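Below is one structure, written out as structure tokens; comments come after it.
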Amino acid sequence: MIVHPYSRPRRLRKSEAIRSLVQENQISACDFIVPLFFMDGENCKEEISSMPGYFRFTLDLLLQEVKECYELGLRSVLLFAKVPDELKDNTGTESLNPDGLMQRAIKAIKEFHPEMYVMTDVALDPYSSNGHDGIVEDGEIINDISVEILGEMALSHAQAGADMVAPSDMMDGRIGFIREVLEENEFPNVGIMAYSVKYASCFYGPFRDALDSAPGFGDKKTYQMDPANAEEGLRECALDIQEGADIIMVKPGMPYLDMVRMVSDKFEVPVAAYQVSGEYSMMHAAAEKGWLNLEEAMLESIIGFKRAGASLIASYFAKDIAKLLKK
Ligand code: PBG
């Protein structure tokens with residue numbers, strides 16, 4: 001006998017029109033945070049060897065890039081400075097320089113494109129001679145003195161005009177300390193996006209090429225999370241929210257979409273997800289070999305973030321996707 005089901009989910013997939021009517025999630029340009037890399041110099045952009053199509057800009061060209069992003073409908077950037085080796089030391093002294101590269105970049109963007117929302121990476125690793133996110137003593141990453149520097153770094157970004165600071169270091173207690181420093185110095189409206197659930201991941205490899213920030217010894221497992229853990233991530237989020245985080249983040253993205261879902265179900269603050277460098281690079285590599293269609297792969301990966309519950313997505317595909325959406 002032939003089965004005639006009353007329920008036929010395929011009715012709602014019959015045509016483009018009905019599919020679009022019942023579509024549960026959409027991507028729009030204003031969901032994105034655009035990570036930007038920059039360096040000293042003039043009129044120069046360098047392609048990052050392990051991130052095809054992604055560049056480090058000198059500040060003049062960075063401004064141009066910010067303008068293009070804004071015109072494409074993108075509304076926030078996340079800044080990462082490439083610091084020359086000779087300016088690196090164990091305590092990240094250069095990170096507090098009011099005329100440092102990061103501080104100049106923030107000022108320039110806020111001067112020429114004040115409408116763009118500027119977020120900044122707060123972490124020691126790009127400034128550390130050890131390539132670690134904290135101060136090193138006898139081979140250990142020391143928490144509390146690192147947090148003090150992170151507080152000062154966040155303050156110096158706020159003074160330069162940052163809208164939101166994004167501590168990516170995973171030191172304990174840094175969100176509360178940064179919040180306190182910002183309040184005490186009359187920056188109550190500078191936000192904090194906490195990298196709350198940040199894993200010790202191999203997918204950061206290409207990023208470390210981009211900033212030349214790979215750890216000089218050991219790994220980051222004493223501060224970044226074990227990929228095997230989920231509950232621990234919820235504890236991290238609860239702490240960061242209690243300490244004053246405005247937005248919490250899960251990072252990397254695609255291997256951790258379960259965490260995006262758990263965190264967005266459980267907490268009432270916006271959740272960001274970071275599609276990291278390795279996720280970008282592996283899709284590019286497969287596309288170069290002709291194994292994946294890059295456009296389809298990027299869109300499918302991003303809708304996955306939305307479906308999992310991310311309200312903001314940091315992605316190196318942001319500009320490409322904004323261009324596709326414009327078409
Ligand atoms: C460092 C930092 C990292 C990333 C953002 N901030 C790397 C790391 O923790 O080693 C990775 C981003 C990416 O891979 O795209 N504080």
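The analysis underlying the following values was restricted to heavy atoms, covering all of them including side chains, and did not include hydrogens, waters or symmetry mates. Ligands are counted one by one from 1 in listed order, and the atoms in each one are counted from 1 as well. Since we're looking at a predicted model, the values are computed, not measured.
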Legend entry - Protein contact to atom 14 (O) of ligand 1 [nearest heavy atom, distance to 0.1 Å]: S277 OG, 2.7 Å

Inset, instruction - Among all protein heavy atoms, pick out the one at the shortest distance from atom 16 (N) of ligand 1; state its residue, atom name and that distance to 0.1 Å. - result: S168 OG, 2.7 Å

Inset, instruction - If a pair satisfies ring-ring contact (aromatic ring centres under 6.0 Å, His included) and one of its residues is in residues 75-119, list it, with sequence neighbours excluded. - result: F37-F80, F80-F207

Inset, instruction - Within a distance under 4.0 Å of any heavy atom of A123, pick out the atoms of ligand 1 and give their elements. - result: 16 (N)

Legend entry - Sidechain-backbone polar pair: Q224 side chain, K221 backbone, donor-acceptor under 3.5 Å: no

Inset, instruction - Could you tell me the residue and atom name of the protein heavy atom closest to atom 11 (C) of ligand 1, and the distance to it rounded to 0.1 Å? - result: K251 NZ, 3.0 Å

Inset, instruction - Mark yes when over 12 heavy atoms from residues, nucleotides or ligands other than E300 sit less than 6.0 Å from its CD; otherwise mark no. - result: no

Legend entry - Lys/Arg-Asp/Glu bridge criterion (N-O < 4.0 Å) met for E65, K319: yes

Legend entry - Nearest protein heavy atom with distance in Å, relative to atom 2 (C) of ligand 1: K198 NZ, 3.3 Å

Legend entry - Ion pair check, K88 and E94, cut-off under 4.0 Å: no

Legend entry - Atoms in ligand 1 flagged as close to D133, the criterion being non-hydrogen separation under 4.0 Å: 1 (C), 16 (N)

Inset, instruction - Assess whether atom CZ of R11 is packed by more than 12 heavy atoms of other residues, nucleotides or ligands within 6.0 Å. - result: yes

Inset, instruction - Would you tell me which option among F207, Y204, Y316 has the nearest heavy-atom contact to atom 3 (C) of ligand 1? - result: F207

Inset, instruction - Output yes when the distance from some N or O of ligand 1 to some N or O of D169 is under 3.5 Å, and no in every other case. - result: no

Legend entry - Shortest protein contact, atom 1 (C) of ligand 1 (heavy atom only): D125 OD2, 2.9 Å

Legend entry - Q224 heavy atom under 4.0 Å from ligand 1: yes

Legend entry - Nearest-neighbour protein heavy atom for atom 8 (C) of ligand 1, which is reported as residue plus atom name and distance: K220 NZ, 3.3 Å

Inset, instruction - Flag the pair M164 / V190 as yes when at least one side-chain heavy-atom distance between them is below 4.5 Å, and no otherwise. - result: no

Inset, instruction - Return each pair, listed once, that meets side-chain hydrogen bond (donor to acceptor under 3.5 Å, both in side chains) where at least one residue sits in residues 160-170; pairs must be two or more places apart or across chains. - result: K110-D163, D121-S168, D169-R174

Inset, instruction - Determine, using heavy atoms of Y280 and all atoms of ligand 1, whether some pair is separated by less than 4.0 Å. - result: no

